[in-house]
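I have placed the structure first, in the form of structure tokens, so that the comments after it can refer back to it.
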There are 2 protein chains.
Amino acid sequence: MRENSPVPTERTSAGDPARTLQLLWRDASPDRRRGPRRGLSIDAVVAAATAVADAEGLDAVTMRRVAQELGVVPMTLYTYVPGKSELLDLMLDAAYARMPRTDTSGQPWRRRVTAIAEENKALFERHPWAATVSTARPPLGPGLMAKYEHELSALDGLGLGDVEMDDCLTHLLMFVQTCARAAAEARAVRNDGAMSDQQWWEANAPLLARVLDEKSYPRAVRVGAAAGAAHGSAYDPEHAYAFGLQRVLDAFAALIDRNEGAGAH
Amino acid sequence: MRENSPVPTERTSAGDPARTLQLLWRDASPDRRRGPRRGLSIDAVVAAATAVADAEGLDAVTMRRVAQELGVVPMTLYTYVPGKSELLDLMLDAAYARMPRTDTSGQPWRRRVTAIAEENKALFERHPWAATVSTARPPLGPGLMAKYEHELSALDGLGLGDVEMDDCLTHLLMFVQTCARAAAEARAVRNDGAMSDQQWWEANAPLLARVLDEKSYPRAVRVGAAAGAAHGSAYDPEHAYAFGLQRVLDAFAALIDRNEGAGAH
DNA sequence: AAGTACACTGTACATCGTACAGAGTAACTG
DNA sequence: CAGTTACTCTGTACGATGTACAGTGTACTT
């Protein structure tokens, strides 16, 4: 039997924001700490948690598991990190910080924007869990800041206003993250139960055919069949990304042209 | 202290797919059932769960809670539904089924597509939890089918191929759902802890100002400030939706024009 | 009247984040 | 040097969750 429950979106940034910021920026108040020397470091904890998440998904990242990975009892982690949410914040910001940022200055804007999309896609491929961490109240750490600065530079000089630049970037990043999340879910479902995509469709097809007559749902049946045939399966995340990215680029083109037209007069 | 853990995306469709389909289509094998009469109905269970989810969010939807709402012991629910995932499937498909579907035939395509977006936006406003339920392996019930059929009709007759129609619809729906999810998360964060958005920023501002010098992140500081000033807060879901929808429409326009151009010759 | 399939109940388990209280250690204070 | 204090690390414990499993009683079929 598979777990069939809601897909949890993990929240970040729960506790004291100031403390969280200090952690993100590694602003350890260098008071000569008294007691025993610390056996670990924040970075070690973050690295261990990230390793677990990369290898086995976010669900496997439990305080118990991370502690075990570090040869320590679970509660020990709480001397490094206020709680699990903050740990996720740190993981995410660290992942942002590690992203390679290719310099595309001088290249045409479509290539620049595509590079941003690809960099984010690569992030979510290396760290699928990152796509499923909620970023309401994002981790305002050095990683996110460097990422934001870098990505804005790809949208600079196109005649967009500051707010428009932010809007466009948000739009693009939401798109890439949504694709990554969908891909991660698709992968999770595939590996989850004993049931492959194929088996699932084979199990559903007969009953579905009986109940889904072409008279009631003519377009749905036709288009669903066409789409299913085009990409091999019910849903092809890679195709959705490729298609969607072209749409986003077209949309930006229209916006830029409009601004140029307005600016030209 | 707030919960700071990952935001769970609930999964659907875990158990036997055939059984799930039977439930979705209410294909109760009408074998003369033997034992005592059932005190409840699937619809009652789904309605109770939906009411809880609407009022208190998906986290409040536990088997214990739904059972209590129905004056029944938790395990009783399992005689109506194989598990929680299937319950979520049923909730979602029922919500799809209830969506009002405005007839926009004859109207210009931008208005038709906008109507689709608005209908989905309204769904997620009435049922915020619906945006957070994962739909890898969506609930292939009558609600989804009716929704799919209806939405395809808005994209019909524009010169798009069948696969393109599906791609466009997927792109649009992913966009709306992502906005709704972000809005739901923003709302959750607001109501979650004792901390309002304002308090959070006020708590963060001093430390952030100290660490975020304009030399290192010139664009980020400038654009971030501009965006924050434009909409009142750090993130304005309503604005992101309005902006993004125009982009999606522009993108569809480009695709349609291209097809017309190709078709014209 | 006997048998059977089913609805419903109660208890129980593993898992999670983390509160809380204790034990030991190193630096500061005198 | 001794005493205090702040800190690290540990062990135990709690409430919550989905649901497996083993009853208990009911209404239909034979």
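In what follows, every heavy atom counts, from backbone to side chain, and hydrogens, waters and symmetry copies are set aside. Here is the naming used below: chain letters follow the sequence lines, and residue numbers restart at 1 for every chain.
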For A:L88 and C:dG17, give me the distance from atom CG to atom C1', rounded to whole Å. 12 Å
Taking only side-chain N and O atoms of A:T76, does any of them lie within less than 4.0 angstrom of OP1 or OP2 on D:dT10? yes
Closest approach to the side chain of B:V73, judged atom by atom: which nucleotide of C:dT9, D:dT10, D:dG18 is it? C:dT9
Rounded interatomic separation in angstrom, taking CD from B:E86 and C1' from D:dG18: 12 Å
Across all chains, not counting sequence neighbours, the salt bridge (charged side-chain N to carboxylate O under 4.0 Å, His left out) partners of B:E149 are A:R219
What residues in residues 38-55 of chain B put a non-hydrogen atom under 4.0 Å from any atom of DNA chain C? B:R38, B:G39
How about B:D27 and A:R210: do any of their side-chain heavy atoms sit closer than 4.5 Å? yes
Of the candidate nucleotides C:dC8, D:dG18, C:dT18, which contains the atom at the shortest distance from the side chain of B:T79? C:dC8
Gap between atoms CG and P, on B:L70 and C:dA7 respectively (whole Å): 16 Å
Any base atoms under 4.0 Å from B:T62, or only sugar-phosphate, or nothing? Heavy atoms, all strands. sugar-phosphate
For a side-chain contact (heavy atoms from CB on, under 4.5 Å) with B:V66, tell me which candidate from B:V72, B:L77, B:T50 qualifies. B:L77
Closer to the 5' end of DNA chain D via nearest nucleotide, is it B:M63 or A:V72? A:V72
Is A:R65 paired with A:E56 through a side-chain N to carboxylate O contact shorter than 4.0 Å? yes
In sequence, state the C-alpha distance, the side-chain angles, and the governing distance for A:E185 and A:R181, and then conclude on salt bridge (charged side-chain N to carboxylate O under 4.0 Å, His left out). CA-CA 6 Å; A:E185 283 173 10; A:R181 203 194 285 246; 5.4 Å; no
A:R38 side chain to A:T79 main-chain N or O, any donor-acceptor pair under 3.5 Å? yes
Just how far, in rounded Å, is P of C:dG17 from CG of A:L58? 10 Å
Atom CG of B:D59 and atom P of C:dC16: how far apart are they, to the nearest Å? 18 Å
Using side-chain heavy atoms (C-beta onward) and a distance below 4.5 Å, is A:P139 in contact with A:L90? no
Check whether any side-chain heavy atom of B:W25 sits under 4.5 Å from a side-chain heavy atom of B:D93, and report yes or no. no
Taking protein heavy atoms under 4.0 Å as touching, what does nucleotides 21-30 of chain C look like 5' to 3' if B marks base contact, S marks sugar-phosphate-only contact and - marks none? ---BBSBS--
Of the candidate nucleotides C:dG17, D:dG11, D:dC9, which contains the atom at the shortest distance from the side chain of A:Y78? C:dG17
Any A:D89 side-chain heavy atom under 4.5 Å of A:R137 side chain: no
Between D:dG18 atom C1' and B:R65 atom CZ, what is the distance in whole Å? 17 Å
